[in-house]
Amino acid sequence: MDNTLYFILAGVFLGLSAGFSPGPLLTLILTQTLKHSRTEGIKVAISPLITDFPIILIAVFIFNRLSEFDLILAAISFAGGVYIAFLGIESIRIKAFSFDLHDSKTASMKKGIITNFLNPAPYLFWATVGAPLIFKAFHVNLLSAILFMFSFYVLLIGSKVMIAIVVARTKVFMNQKIYVLIMRALGIVLLIFSFIFFYDGMKYL
């Protein structure tokens, strides 16, 4: 499956999963949108474009240094498989999304940046999943690596922006049954990707 389409699909499904998954950033998007406006929610939604860049650079730099050691690459692949499997199981088991609408001031972009920097999820993702996928895509061709990154962030940011727009119009999150179905479907896809990472780990051994 080492082809461009695989990396586009990986970016799409991983981006969707990250975009819809409950967490500090999604909660902040909801609170800022409901408390203030759609614009404030969108400001939070696009904050990963700022915070993720240094995280990606560090993860890629470290992975490049370790790329000659098969045992380390195997360990990273297994860790990525475990992490994606964990996300998949959490998505499948989800029953509803809830949050507390606390008193929230503006400065949404600043809050989004701080929230994402302090959230361990981006660090775990890029260290164990994102950086290895970038390297695999790059070994296929440069376009594959670019399309993986592009599809990931289009779906990650796009899904969060969509949530902010829906919330601003309806003043509620979304139909909980639809949300649960989306998350469970994405969870199954994540489990498939986790098996691919485990398979890659076995190949390194």
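Each residue takes its place number in the sequence, starting with 1.
- Note that the CD1 atom of I84 and the CG atom of L124 stand 12.0 Å from one another [nearest 0.5 Å].
- Annotation: salt bridge (Lys or Arg N to Asp or Glu O under 4.0 Å) contacts of K160 (sequence neighbours excluded): none.
- In the hydrophobic clustering of ILVMFWY residues, with side-chain heavy atoms under 4.5 Å counting as a link, L156 and V154 come out together.
- Distance check, rounded to the nearest 0.5 Å: CD1 of I62 to CD1 of I58 gives 7.0 Å.
- A185 pairs by the side-chain contact (heavy atoms from CB on, under 4.5 Å) definition with nothing, not counting sequence neighbours.
- Under the 4.5 Å side-chain criterion, counting only non-hydrogen atoms from C-beta, K136 is not in contact with F148.
- Smallest separation of non-hydrogen atoms from G41 and A164: C-CB, 4.1 Å.
- The side-chain contact (heavy atoms from CB on, under 4.5 Å) test applied to S159 returns L16, F20, not counting sequence neighbours.
- Residue pairs that meet the side chain to side chain donor-acceptor pair (under 3.5 Å) test with at least one member in residues 53-63, sequence neighbours left out, do not exist here.
- Residue-environment remark: CZ (F86) stays at or below the threshold of 12 foreign heavy atoms within 6.0 Å.
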Would F135 and N64 satisfy side chain to side chain contact (heavy atoms under 4.5 Å, CB included), going step by step from the backbone distance to the final call?
CA-CA 8 Å; F135 270 80; N64 183 50; 3.5 Å; yes

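- Residue pairs meeting the side chain to side chain donor-acceptor pair (under 3.5 Å) criterion with at least one member in residues 137-155, sequence neighbours excluded: T4-S144, D52-Y153, N141-S144.
- Within a 6.0 Å radius of CZ in F198, more than 12 heavy atoms belonging to other residues, nucleotides or ligands are found.
- Cluster annotation: I89 and V129 are assigned to distinct hydrophobic clusters (Ile/Leu/Val/Met/Phe/Trp/Tyr, side-chain heavy-atom contacts under 4.5 Å, transitive).
- With values rounded to the nearest 0.5 angstrom, I42 atom CD1 is found 11.5 Å from I157 atom CD1.
- To the nearest 0.5 Å, atom CD1 of residue I146 and atom CZ of residue F7 are 13.5 Å apart.
- The two atoms that bring P132 and A127 nearest to each other are CD-O, 4.1 Å, heavy atoms only.
- The CG atom of L9 sits 4.5 Å away from atom CG of L5, with the distance rounded to the nearest 0.5 Å.
- Scanning both residues, F63 and A131, for their nearest heavy atoms gives CB-CB, 4.1 Å.
- The side-chain contact (heavy atoms from CB on, under 4.5 Å) check on T128 picks up A79, Y83, with sequence neighbours excluded.
- Cluster annotation: F138 and F150 are assigned to distinct hydrophobic clusters (Ile/Leu/Val/Met/Phe/Trp/Tyr, side-chain heavy-atom contacts under 4.5 Å, transitive).
- Taking 4.5 Å as the limit, some side-chain heavy atom of L14 sits within range of a side-chain heavy atom of L133.
- Residues L191 and A85 approach most closely at CD2-O, 3.7 Å, considering heavy atoms.
- A chain of hydrophobic side-chain contacts below 4.5 Å, direct or via other Ile, Leu, Val, Met, Phe, Trp or Tyr residues, connects I56 to L147.
- A distance of 9.0 Å separates CZ of F152 from OG of S17, quoted to the nearest 0.5 Å.
- The aromatic rings of Y6 and F193 sit tilted relative to each other, their planes meeting at an angle between 30° and 60°.
- Residues I92 and F195 do not share a hydrophobic cluster, clusters being chains of Ile/Leu/Val/Met/Phe/Trp/Tyr side chains in contact below 4.5 Å.
- Looking at every heavy atom in both residues, V60 comes nearest to I134 through CG2-CD1, 4.2 Å.
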